[in-house]
2 protein chains.
Amino acid sequence: MKPTSFQTWQSVQGEVLRRIHSREWAPGAAIPNEADLAQEFGCARSTVNRALQSLADSGLLERRRKAGTRVSAQPVTKATLEIAVIRHEVEAKGEKYGYRLIERSICRPPIATSGAMQLDPSKKLLFVSALHLANDAPYAFEERWINPAAVPAALDEAFESISANEWLLEHVPYTSGEIAFSAVAAPQETASILGCAQDCAVLAVDRLTRDAQVSVTKVRVLFRPNHQLRTNL
Amino acid sequence: MKPTSFQTWQSVQGEVLRRIHSREWAPGAAIPNEADLAQEFGCARSTVNRALQSLADSGLLERRRKAGTRVSAQPVTKATLEIAVIRHEVEAKGEKYGYRLIERSICRPPIATSGAMQLDPSKKLLFVSALHLANDAPYAFEERWINPAAVPAALDEAFESISANEWLLEHVPYTSGEIAFSAVAAPQETASILGCAQDCAVLAVDRLTRDAQVSVTKVRVLFRPNHQLRTNL
DNA sequence: ATAATTATTATGTACGTACATATTATTGTC
DNA sequence: GACAATAATATGTACGTACATAATAATTAT
């Protein structure tokens, strides 16, 4: 006689997972409602609720009021990537971090940039490009546009000893935005900075950051060749 | 007099976010404990708990028993990418999906593959490569190793009308594993399949899937040039 | 002083009740 | 049969109490 009692939401989740996994509850099929499960498991409905909500969150279950809960027919895997400050990323690998400012200027951005940032194309922005190093070798090249209207203090910062990456996180943390990952061929200039061949395939991370609707910064980070972003599922 | 009452966990979360954002609660600083906040907000502690847990989950707060809750000094942004079946991904873009099997064979994998899958290198695996099309143009090229010991049924499937991608999701869903994103130069053969220049920079997604500790499949998907994976933060 | 023990404290979570809300099913009306 | 009003139902969430657990602080023993 196995213990048919599950009194923590994690154990309930485990049992539900087991049933899904063993196909006791088939893909697409409806599962019993929370009240019935609570009775079967010998716990409160709120405990079952917590477990099921967590599974719905990770995409394994689909829940709708009145309609009930069913196993996702084609679950969409969700991969969560942690985007840390580059210095921390490097140090976490056990490598020595280095930073070098390449350019800092105030100028009008390309139309594409002002458009993406939803800013007046005639307004000048702060441009900062820099190289992040790991064990003295190029690690990532960062090209960034900063909207001085959103962070005036940035105009007083030289970005010679601290990266814009880190400075911004310290001055306007907790922002929202969009992020995109792609592969690009390193342009000649970038390639020479990163120390790789021209048109070498490098991973690009493009990120637009907003602070309460207004664009703060837009950045493209190009990593050294063969860089991988990894995570567990 | 503003409403100092917050009686849903979302509104509590909103107020906490506001205070973090306005630096009323500075980065790194401790915030009042749940009981005090509950009293201030005029709600139950469990409501505050739900709100704070959710924020801790997204990396904005750090919580430790007895030590209390503090605002993360350097929050780690978490980007969640949804990895759907490629057919769905294409259809969601409003493009017509197409599929073409390129190769299907049973052979011994390279050492690197059997190693990553933690399998005996001498055991033969099922190899399937295929092309996914969007509006009749190459969209993504998939090279996959499948462990027949984990999914014997795969040996009976030709993968001519259904991609291994989709077949596996249907036959062994709810698996765990690892995923990695990188940029690679398209090898000559791949380039000709994808219809791009040799050594063209393409986004690679490498994924290892396990079903209860045992490796089921290892796949590399190369997307058409300029493909982007994007998400909101 | 240092180490081991004990108290204290904040978060973590279970429970059961109550009510809100979204969605579906049913009934009534034309 | 089409459509609107109404009932039924499963999930969503708030509340307050109780206790568990982890981490720290205070105390005691050596």
Side-chain angles (χ1 to χ4, degrees), chain A residues 3-20 24-73 75-76, chain B residues 3-20 24-73 75-76:
Chain A
T4 145
S5 182
F6 301 92
Q7 281 165 355
T8 69
W9 72 266
Q10 290 97 333
S11 70
V12 169
Q13 187 181 56
E15 173 63 10
V16 170
L17 265 174
R18 190 192 63 72
R19 294 187 186 185
I20 292 175
E24 199 166 320
W25 290 341
I31 75 173
N33 69 37
E34 295 183 349
D36 291 351
L37 285 176
Q39 180 159 27
E40 183 191 342
F41 293 154
C43 67
R45 181 170 81 89
S46 52
T47 307
V48 175
N49 182 274
R50 182 109 156 74
L52 299 189
Q53 267 193 28
S54 163
L55 289 172
D57 209 63
S58 62
L60 255 64
L61 293 177
E62 284 167 16
R63 294 161 65 79
R64 267 175 34 241
R65 282 167 162 162
K66 166 83 182 177
T69 302
R70 55 185 58 240
V71 181
S72 297
V76 174
Chain B
T4 139
S5 182
F6 301 92
Q7 280 165 353
T8 69
W9 72 266
Q10 289 95 334
S11 71
V12 168
Q13 188 181 56
E15 173 64 10
V16 170
L17 265 174
R18 192 193 62 72
R19 293 187 186 187
I20 291 174
E24 201 167 318
W25 289 341
I31 74 173
N33 69 36
E34 294 183 351
D36 291 351
L37 285 177
Q39 181 159 27
E40 183 190 342
F41 292 154
C43 67
R45 181 169 82 89
S46 51
T47 308
V48 174
N49 183 274
R50 183 109 155 74
L52 298 189
Q53 268 194 25
S54 163
L55 289 171
D57 210 62
S58 62
L60 256 65
L61 293 177
E62 283 168 15
R63 321 189 71 202
R64 266 173 37 239
R65 283 169 158 156
K66 165 83 182 179
T69 302
R70 54 185 59 240
V71 181
S72 297
V76 174

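Values in this document were obtained by computation on a predicted structure and should not be read as measured data. Residue numbering restarts at 1 for every chain, and letters A, B, ... go by the order of the sequence lines.
The distance between atom CG of Asp57(B) and atom P of dT13(C), rounded to the nearest whole Å, is 11 Å. The CG atom of Leu37(A) sits 12 Å away from the C1' atom of dA10(D) (whole-angstrom rounding). Across the protein-nucleic acid pair, Leu55(A) atom CG and dG12(D) atom P stand 12 Å apart, rounded to whole Å. The separation between Asn49(B) atom CG and dA18(D) atom P is 18 Å, rounded to whole Å. At whole-Å resolution of the value, CG in Asp36(B) and C1' in dA10(C) are 10 Å apart. Distance CG (Asn33(A)) to P (dA22(C)): 20 Å, rounded to an integer number of Å. Rounded to a whole Å, the CD atom of Glu34(A) is 14 Å from the C1' atom of dC15(C). Taking atom CD on Gln53(B) and atom P on dA10(C), their separation rounds to 17 Å, with Å as the unit.
For dT13(D), the base has a donor-acceptor partner in the side chain of Arg45(A) [N/O atoms by modelled type, under 3.5 angstrom]. Below the 3.5 angstrom threshold, one finds no donor paired with an acceptor across the side chain of Arg65(A) and the base of dT23(C).
Within 4.0 Å of Arg50(A), counting heavy atoms only, lie sugar-phosphate atoms of the nucleic acid but no base atom. Counting non-hydrogen atoms under 4.0 angstrom, Glu62(B) reaches nothing in the nucleic acid. Counting non-hydrogen atoms under 4.0 angstrom, Ser46(B) reaches a base of the nucleic acid.
Counting heavy atoms from C-beta outward, Leu60(B) and Val71(B) have side chains that stay 4.5 Å or more apart. Looking only at side-chain heavy atoms (C-beta outward), Leu37(A) and Leu52(A) come within less than 4.5 Å of each other.
With values rounded to the nearest 0.5 angstrom, Asp57(A) atom CG is found 8.0 Å from Asp57(B) atom CG. One finds the CZ atom of Arg50(B) at 7.0 Å from the CD atom of Gln10(B) (value rounded to the nearest 0.5 Å).
Mapping Ile31(B) and Trp9(A) onto DNA chain C via the closest heavy atom, the residue that lands nearer the 5' end is Ile31(B).
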*Give the C-alpha distance, both sets of side-chain angles, the deciding distance and a yes or no for side-chain contact (heavy atoms from CB on, under 4.5 Å) between Thr47(B) and Gln7(B).*
CA-CA 7 Å; Thr47(B) 308; Gln7(B) 280 165 353; over 6 Å; no
_side-chain contact (heavy atoms from CB on, under 4.5 Å), that's the test. Do Val16(B) and Val48(B) meet it? Break it down for me._
CA-CA 10 Å; Val16(B) 170; Val48(B) 174; over 6 Å; no
_side-chain contact (heavy atoms from CB on, under 4.5 Å) assessment of Arg18(B) paired with Glu24(B)_ = CA-CA 8 Å; Arg18(B) 192 193 62 72; Glu24(B) 201 167 318; 3.6 Å; yes
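Residue Gln7(B) places its side chain closer to dC15(D) than to any other of dT24(D), dC15(D), dT13(C). The nucleotide whose nearest atom lies closest to any side-chain atom of Arg64(B) is, among dT24(D), dT21(C), dT21(D), dT24(D).
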Within the sub-3.5 Å range, which N or O atoms of nucleotides 25-28 of chain C have a protein N or O partner, and how far apart are they?
none

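For dA10(D), the OP1/OP2 oxygens have no side-chain nitrogen or oxygen of Thr69(A) closer than 4.0 Å. Close to dG12(C), at under 4.0 Å from its OP1 or OP2, lies no side-chain N or O of Gln10(A).
When atom types are taken as modelled, the side chain of Arg63(B) and the backbone of Thr69(B) share no donor-acceptor pair closer than 3.5 angstrom.
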